[in-house]
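The chains referred to below are lettered A, B, ... by the order of the sequence lines, with proteins before strands, and numbering in each begins at 1.
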Amino acid sequence: MDFDPVTLARIQFAFTVSFHIIFPAFTIGLSAFIATLELLWLKTGRDVYHRLARFWTKIFAVSFAMGVVSGIVLSYQFGTNWSRYAEFVGSVVAPLIGFEVLTAFFLEATFLGIMLFGWNRVPPWLHVLSCCVVAFGTFMSAFWILAANSWMQTPAGFELRDGLAYPLDWLKIIFNPSFHWRLPHMLLAAYLTTSLVVLSVGARYLLAGKFPEESRVMMVMGIGMLAIVGPVQAFVGDSHGLNTAHYQPAKIAAIEAHWDSKEPAPLVLFAWPDEKAEKNLYEISIPRGASLMITHSLDGLFPGLKDFAPQDRPPVLGPFFGFRAMVGVGVVMILLGWIGAWLIYRDEETITRWYLRICSWAWPLGFIAILSGWVVTEQGRQPWVVDGLLRTEDAMSPLAGWTVALTLVLFLIVYGIIFAAGIYFMNRLITRGPGGTLIEPPSTERPSRPLAAAHGEGQMTPGS
Amino acid sequence: MEWYLPVIWGVIIGVAVIMYVVLDGFDLGIGILFPFAKEERERDTMMNTVAPFWDGNETWLILGGGGLWVAFPKAYAVVMPALYLPVIIMLLALVFRGVAFEFRWVAMGSRRWWNAAFAGGSLVAAFSQGVILGGLVQGITVKNGAFAGGPLDWATPFAALCGIGVVLGYALLGATWLLIKTDGVVAERARAHAIPLLLAVMAMMAVVSLWTPIAFDRIATRWFSRPNIFFLAPVPIVTVLVALAVLHWLKSGREMLPFFGTVGLFVLGFLGLAISTFPYLVPPSLTVWQTAAAAPSQILMLFGVIFLLPVVLGYMAFVYWIFRGKVREGEGYH
């Protein structure tokens, strides 16, 4: 059997990176949520925050472990599968990853030990501080990895020497032209994704009549995030899109399925883009809508796909449908936030059951939006791996096809097992709920009390 | 600058690798020794001795690999495809044993499967790391600065020997770590395991020390030509002395010293391999100078290492200090 190594390597990277991003996206948000809960606990002394922090920390631990192990794989895949890429960008992108290791990975991994195992060993303030440090570590990790990815989208601050990228200006490399929108867009996406999961779990408990106090805190915090951060994300996303229109016009043409630059572009709500015929089938669209959004003028013109040679065009289906899935989820998120806020404002005690039922099913939405968004931006950059400089087909390692096929199968099997088990275990922890005794230290009589107090080292109310 | 910058980076990568080998070595060793525990409580205790640390320890693997990419992108781009299968298998094994830390505690019925994942993942990861080491030392086929060999070039008896050596070495590190962190039946068994493991590790080191100069002329020249032989002779001599000391400490019931003596053996063994291969990063053809990144990249990252790595070492030491002392049975998780 004949394998095309480049296609196999692309499938493999798409699979491993998609698997990976689910967990950091969740843990970026969850670590910030847990840190907030612990800070609230320290400030108010209310037990409910403490119970929630401990409950979510268990789920965090499972998710974080899956993120770590799948992340180590990625740091080696640059070399194993994409060695020509690794050599080409080595002097520019690799230092960004190096700084990610030094300023983020060590920080997260080390203070995670205190976060998970430190309740009996350190005073409450140090535990709270450790949670904040872990949350900061996840933020730094996002900072560096998005700097690296943004550079591949909009390279700057370098020149080519002997056919390889050579660094000239580090600030221009890090703060390249698309970084300042891509970073907040991803961070807000992570916070919103976690908020949806928290909201969904709270709704699930309320429907079952369990943990009313904890559920209320989760519902209010989740709804608040969606209602306030959701619209901010819409603004950031729009700005990111305008930035892309300026720097990566082919990607925008694919997103809008816009073929001909001589006409004002309609806003295509649905279509089946036909890449061979260079037109859209079954199109439903609002005339001049895309022109208005991208050029802010009804008569505005912007490049269409026909302006690019066929070998320089990205595939259209992924960016086109991915973008619509992402924006669709975004709209649902904002609606859930606003409706929830209105319901709470109207009657704080009872939240309508139909709303709870919708929320209880809403947990995957954020993950769908994040994966769709990455499909848009990564497929939209094709056929380049580094925009305009290195084609994906030229970036591959000199590998035999069968070895890539073999490792792809191994990844599918191993990740399949890990994913199924991880989701199953997280779901079980959630079903058990806060205050479950499964992995509570046996030495504590009541899990809700600050453990320093249980050991007679501190006071009942922390933070004094 | 042009001359010494890549040398400095060679040393930094070497230090990162040895830090990884020692730190993840003892927690992989715990996994290798896992099947020998009789009861579930003992396995709990063993795992608790490394649970707060394993993630930080494994981060050195990213620093080693990432550091190689930063400082020597051309070496990274040759080594990774050349050792493709062992690297990927090592990573998948680390996936299994890493998630087992968390899954094992929440699994009830399926707990023995995650015990097996932890033990099997640790064993396969350790063996693969030995194969990677052996595959590198025996040399990689390079043409025009790129890997030009076959997908199974690494699969030699020498690489398998290195794999077994690393498994035994990590098991020894794990056993001596348990002497520090546990008491009772777990510590007694660890001490009983440590003595034969030490002898086996010494035998493996002796075989590798004889095999490499016989099989590879460049290594024989490095060690046995004059005046090198006078400068380098202390390395094997000190190694033998340290091994004898560890043996004595194990027999006389010491708790801390056997671990640190074993760390010393690892450092000396690694030093020996570094002497055999320097200045080649990809033996027998690519040196640290030929594979170096652009000077501005090496300088920037050097500043990062100088200012940030001491901070990292500081807070890692702090966490080891917080979780100091013996792990009491049942002292738990979260």
Visitor: Where on Ala294(B) is there a heavy atom nearer than 4.5 Å to chain A: the side chain, the backbone, both, or neither?
Guide: both

Visitor: Non-hydrogen contacts under 4.5 angstrom with chain A: give the residues of residues 117-129 of chain B involved, or none if there are none.
Guide: none

Visitor: Between Leu61(B) and chain A, with a heavy-atom cut-off of 4.5 Å, which part of the residue counts as in contact: side chain, backbone, both or neither?
Guide: both

Visitor: Identify, with sequence neighbours excluded, every residue that meets salt bridge (charged side-chain N to carboxylate O under 4.0 Å, His left out) alongside Asp153(B).
Guide: none

Visitor: Return the CZ to CD distance between Phe64(A) and Glu102(B), rounded to the nearest 0.5 Å.
Guide: 10.0 Å

Visitor: Measure Ile88(B) against the heavy atoms of chain A and call it side chain, backbone, both or neither at under 4.5 Å.
Guide: side chain

Visitor: Counting a contact as any heavy-atom pair under 4.5 Å apart, which residues of residues 19-27 of chain B contact chain A?
Guide: none

Visitor: With chain A, which of Trp60(B), Phe53(B), Phe318(B) has the greatest number of heavy-atom pairs at distances under 4.5 Å?
Guide: Trp60(B)

Visitor: By a 4.5 Å heavy-atom criterion (distance strictly below it), what part of Val319(B) contacts chain A: side chain, backbone, both, or neither?
Guide: side chain

Visitor: Using distance only, find each side-chain donor-acceptor pair of residues 64-82 of chain B under 3.5 Å and give its atom names and separation, not counting sequence neighbours.
Guide:
{"residue": "Trp69(B)", "atom": "NE1", "partner": "Ala86(A)", "partner atom": "O", "Å": "2.8"}
{"residue": "Tyr76(B)", "atom": "OH", "partner": "Ser75(A)", "partner atom": "O", "Å": "2.8"}
{"residue": "Tyr76(B)", "atom": "OH", "partner": "Gly79(A)", "partner atom": "N", "Å": "3.2"}

Visitor: Counting C-beta onward and ignoring hydrogens, is there a side-chain heavy-atom pair between Val311(B) and Phe106(A) closer than 4.5 Å?
Guide: no

Visitor: Drop me the distance from Leu63(B)'s CG to Ile97(A)'s CD1, to the nearest 0.5 angstrom.
Guide: 12.5 Å

Visitor: Mind ranking Leu300(B), Val312(B), Asn57(B) by heavy-atom pairs under 4.5 Å with chain A and telling me who comes out on top?
Guide: Leu300(B)

Visitor: Can you tell me which portion of Ser110(B) sits under 4.5 Å from chain A's heavy atoms? Options are side chain, backbone, both or neither.
Guide: side chain

